[in-house]
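Here is the structure we will look at, set down as structure tokens.
Chain identifiers are assigned alphabetically (A, B, ...) following the order of the sequence lines, protein sequences preceding nucleic acid strands; residue numbering begins at 1 within each chain. Quick note: numbers below take in every heavy atom, side chains included, and nothing from hydrogens, waters or symmetry partners.
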There are 2 protein chains.
Amino acid sequence: MPLTSPTRERLTAGIARLVQAGRYVSSRAADSLYGDLPSFGWALLVPLERDGEQRCSALALQSGVDVSVASRQVTALERSGLVERRPDPHDGRASLIRLSAAGAAALAQTRALRAEWAGEALADWDEDDACLLSELIERLTDDLDRAAPPAVRTAS
Amino acid sequence: MPLTSPTRERLTAGIARLVQAGRYVSSRAADSLYGDLPSFGWALLVPLERDGEQRCSALALQSGVDVSVASRQVTALERSGLVERRPDPHDGRASLIRLSAAGAAALAQTRALRAEWAGEALADWDEDDACLLSELIERLTDDLDRAAPPAVRTAS
DNA sequence: TCCGTTTGGTTGCTGTCTGCAACGGACCCT
DNA sequence: AGGGTCCGTTGCAGACAGCAACCAAACGGA
């Protein structure tokens, strides 16, 4: 128990506020660029970029959503040309999903847009603080990810 | 343009990840305590606690949702006994919403639960880092809140 | 080889939540 | 008073989630 109780509460309260603010921003970013596709689909693109080609169920697991949801999202993303799908050579039931060039570009574009907005909001920040915050947030998220999975586990 | 581009991208990517992780955690926290009421209702309780008694439209504005949504949430929260509502003595159209004792208790309980979870996830953090991160996150959220409202405007 | 079982994915159904629009009532200014 | 404005509620439609039923392919024992 290295953290005092008030600090933990303060930190979680801060995170909660940030999550709320970020939710708004990210939803906005998505439909300002590609309003015609399900906004949540972006969550699938990230693991695709990070881990490369993989199957639908793996995507669902990583995003913490039901397989059916992932399936629909993938269909939509495929229609939009952001991902490509090919049958798994080793398993006729499965498909492998891959980020297309357009998908990678769209992802980069979204990031750029977000960064631009952030630049406006953080006009009076200096580089050191931003770097420090980045580091701390990355560390925090890593720890959160590590602690969360047990709950994500479909009880399986 | 005080922040370099890579820093901005890094920071926004980190925030995006954190938002995603936090979304999961907060939804989980809400329905593990009070699964019978709309999970989003908690977002209304926070401004109520912070700014005291206020009217429905103010609540909606602060939470960034439509007035109709806030109205429904308030109704649900009132049924659950977490808030109390009384007619505005100065304006017969409006109601003033106030956090009830039960609401304050529930809020505290939720915070405690979140803090407990955080304590597990952040077992290897020290007090200084956590405080520093809290400060930075608070500052960040303040800036984000300040920058966001212009965008909230009906999307065009 | 054959057949029952397991697994991957898709689709239908249902419920929740959101925003927009229309409405009723109260306020304010003339 | 009377018209315009504002607050809040409710009806409606759309987006998205999960569960469950379903098909097809792979697996495994007899």
Original post:
Who are the side-chain contact (heavy atoms from CB on, under 4.5 Å) partners of Arg98(B), not counting sequence neighbours?
Top reply: Glu53(B), Glu84(B)
Original post:
For Val67(A) and Ala60(A), which heavy atoms make the closest approach, and how far apart are they?
Top reply: CA-CB, 3.8 Å
**OP:** Name all residues meeting the side-chain contact (heavy atoms from CB on, under 4.5 Å) criterion together with Arg17(B); count only those two or more places apart in sequence or in a different chain, and write none if there are none.
**Re:** Thr141(A), Asp142(A), Asp145(A)
Subject >> Between dA15(D) (P) and Trp42(A) (CH2): distance, integer Å >> reply: 18 Å
Original post:
Could you give the CG-to-P distance, from Leu59(B) to dT9(D), as a whole number of Å?
Top reply: 11 Å
Subject >> Nearest non-hydrogen partners of Leu107(B) and Trp42(B), listed with the distance >> reply: CD1-CE3, 3.9 Å
**OP:** Indicate for each nucleotide in nucleotides 17-29 of chain D, in 5' to 3' sequence, whether protein heavy atoms under 4.0 Å reach the base (B), only the sugar-phosphate (S), or nothing (-).
**Re:** SBB----BBS---
Original post:
Can you find a heavy atom in the side chain of Thr7(B) that is under 4.5 Å from one in the side chain of Glu127(A)?
Top reply: yes
**OP:** Can you sort out the partners of Glu135(A) under side-chain contact (heavy atoms from CB on, under 4.5 Å), two or more places apart, ordered by chain and number?
**Re:** Arg10(B)
**OP:** Would you please test Gln73(A) and Val65(A) for side chain to side chain contact (heavy atoms under 4.5 Å, CB included) and show each step?
**Re:** CA-CA 11 Å; Gln73(A) 302 284 6; Val65(A) 297; over 6 Å; no
**OP:** Kindly say if Ser71(B) contacts the phosphate of dT9(D), meaning a side-chain N or O under 4.0 Å from OP1 or OP2.
**Re:** yes
**OP:** List in chain and number order the residues that pass side-chain contact (heavy atoms from CB on, under 4.5 Å) with Asp88(B), two or more places apart in sequence or in another chain; answer none if no residue qualifies.
**Re:** Arg55(B), His90(B), Asp91(B), Ala94(B), Leu96(B)
Original post:
Can you list, by residue number, the residues of residues 48-56 of chain B that have a non-hydrogen atom closer than 4.0 angstrom to DNA chain D?
Top reply: Arg55(B), Cys56(B)
**OP:** Using a 4.0 Å heavy-atom cut-off across all strands, classify Ser95(A) as base, sugar-phosphate, or nothing.
**Re:** sugar-phosphate
